Amino acid sequence: QVQLVESGGGSVQAGGSLRLSCAVSNYPYADFCMAWFRQAPGKERESVARINSRGITTYADSVKGRFTVSTDNTKTTLFLQMDVLKPEDSAKYYCAATPRILWNGCGVDRDDYNYWGRGTQVTVSS
């Protein structure tokens with residue numbers, strides 16, 4: 001079965017950086033959309049960054065210019081480089097995957113994704 005395992009979360013001061021990783025195994029499809037979502041207590045889970053198998057990346061406005069999503073050459077690891085972190089970036093971060101891609105990127109809703117990791121906590125202090 002498809003497995004996604006996140007790592008790299010932690011605590012950092014505002015203005016700092018973190019790099020999240022998501023190891024993907026047993027993914028049987030050539031096409032993919034992979035995304036990072038986050039969920040803070042009492043809030044909806046929101047998509048912050050997405051990349052598809054054609055290399056198209058898209059971002060939420062709240063992280064554009066600060067976060068960068070990428071994969072390794074084998075497409076088995078998804079990364080999220082997070083720079084200039086703000087306290088409002090504090091949340092549990094999840095990676096997700098689906099074989100459904102769009103011509104201009106990836107879906108942004110949690111229902112668009114079939115496979116999920118268990119999440120990694122990011123805490124940004126002011």
Side-chain angles (χ1 to χ4, degrees):
Q1 63 188 37
V2 178
Q3 289 190 319
L4 287 75
V5 180
E6 303 94 337
S7 62
S11 297
V12 65
Q13 289 194 322
S17 298
L18 281 174
R19 190 189 199 204
L20 305 183
S21 299
C22 173
V24 183
S25 58
N26 303 320
Y27 186 83
Y29 308 103
D31 286 333
F32 64 81
C33 269
M34 294 189 193
W36 287 98
F37 284 72
R38 67 185 181 189
Q39 188 167 20
K43 294 192 175 181
E44 294 289 318
R45 190 172 297 190
E46 61 171 346
S47 174
V48 296
R50 302 155 292 274
I51 184 167
N52 71 15
S53 46
R54 297 173 187 172
I56 297 173
T57 57
T58 53
Y59 298 90
D61 287 344
S62 58
V63 307
K64 202 171 291 183
R66 301 188 297 120
F67 290 12
T68 304
V69 62
S70 63
T71 63
D72 67 352
N73 289 338
T74 64
K75 309 293 193 290
T76 58
T77 306
L78 177 70
F79 300 104
L80 185 67
Q81 178 66 41
M82 304 186 294
D83 298 317
V84 196
L85 281 161
K86 304 175 181 180
E88 51 264 42
D89 294 319
S90 296
K92 195 164 188 178
Y93 283 71
Y94 299 86
C95 61
T98 177
R100 294 186 297 272
I101 64 173
L102 305 178
W103 69 270
N104 60 346
C106 297
V108 299
D109 295 327
R110 60 187 299 177
D111 290 344
D112 291 327
Y113 293 83
N114 305 93
Y115 308 108
W116 290 86
R118 295 191 173 189
T120 186
Q121 181 67 37
V122 171
T123 304
V124 185
S125 57
S126 57

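Predicted model, so just to flag it, every value in this text is computed and none were measured.
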Side-chain heavy atoms under 4.5 angstrom apart, residues restricted to Ile, Leu, Val, Met, Phe, Trp, Tyr: same cluster for F32 and V108? no

In terms of side-chain geometry, is the basic nitrogen of D31 or R100 positioned less than 4.0 Å from the acidic oxygen of its partner? no

First locate atom CD of Q3, then atom OG of S25, and finally report the distance between them rounded to the nearest 0.5 Å. 4.5 Å

Answer with yes or no whether the hydrophobic clustering places I56 together with V63; edges join I, L, V, M, F, W, Y residues whose side-chain heavy atoms lie under 4.5 Å apart. no

Got a second to check how far T120's OG1 is from K92's NZ, nearest 0.5 Å? 8.0 Å

Could you see if M34 belongs to whatever hydrophobic cluster contains V2? Use Ile, Leu, Val, Met, Phe, Trp, Tyr and a side-chain cutoff under 4.5 Å. yes

Give a yes or no on whether the backbone of G105 and the side-chain of N52 come within a donor-acceptor separation of less than 3.5 Å. yes

Side chain R45, main chain R38, donor-acceptor under 3.5 Å: no

Beyond-backbone contact of Q81 with D83, side-chain heavy atoms, under 4.5 angstrom: yes

Full working for side-chain contact (heavy atoms from CB on, under 4.5 Å) between Y27 and K75: CA-CA 10 Å; Y27 186 83; K75 309 293 193 290; over 6 Å; no

Go through the steps for W36 and F67 under the test ring pair (Phe, Tyr, Trp, His ring centres under 6.0 Å), then give the verdict. CA-CA 11 Å; W36 287 98; F67 290 12; 9.9 Å; no

Under the side chain to side chain donor-acceptor pair (under 3.5 Å) rule, collect the residues that match up with R110, sequence neighbours excluded. none

Quiz item: cation-pi between R118 and Y94, 6.0 Å / 45°: no

Is a donor on one side and an acceptor on the other found under 3.5 Å between the side chain of D109 and the backbone of D112? no

Kindly give the heavy-atom pair with the smallest separation between S125 and P87, and that separation in Å. C-CG, 4.5 Å

Would you mind reporting whether E6 and L20 have side-chain heavy atoms less than 4.5 Å apart? no

Please report the closest heavy-atom contact between G8 and L18, naming both atoms and the distance. O-CD2, 3.9 Å

Same cluster (ILVMFWY, side-chain, under 4.5 Å), L85 and F79: no

Minimal non-hydrogen separation, V84 against S17, with atom names: N-OG, 4.4 Å

Starting at OG1 of T68, measure out to CD1 of I51 and round the result to the nearest 0.5 Å. 10.5 Å

Looking only at atom types and distance, does a side-chain atom of N114 sit under 3.5 Å from a main-chain N or O of T98, one as donor and one as acceptor? no

When hydrophobic residues are tied together by side-chain contacts of less than 4.5 Å, even through go-betweens, does V122 share a cluster with F37? no

So, using side chain to side chain donor-acceptor pair (under 3.5 Å) as the criterion, who are the partners of Y113 when residues are at least two apart? none

Presence of salt bridge, D61 and K64, under 4.0 angstrom: yes

Rounded to the nearest 0.5 Å, how far does CG of L80 lie from OG of S70? 8.5 Å

Under 3.5 Å, is there a donor-acceptor pair between the side chain of S90 and the main chain of V124? yes

Donor-acceptor contact present, side-chain Q121 to main-chain G10, <3.5 Å: no

Is the terminal nitrogen or CZ of R54 (NZ for Lys, CZ for Arg) located under 6.0 angstrom from the six-membered ring centre of W103 and within 45° of that ring's axis? no

Flag, side chain of T57 to backbone of V69, donor-acceptor distance under 3.5 Å: no

Nearest 0.5 Å, what's the CG-OG distance between L78 and S21? 8.5 Å

What heavy-atom pair brings R50 and A35 nearest, and what distance separates the two atoms? CG-CB, 3.6 Å

To the nearest 0.5 Å, what is the distance between CD (E88) and NZ (K43)? 8.5 Å

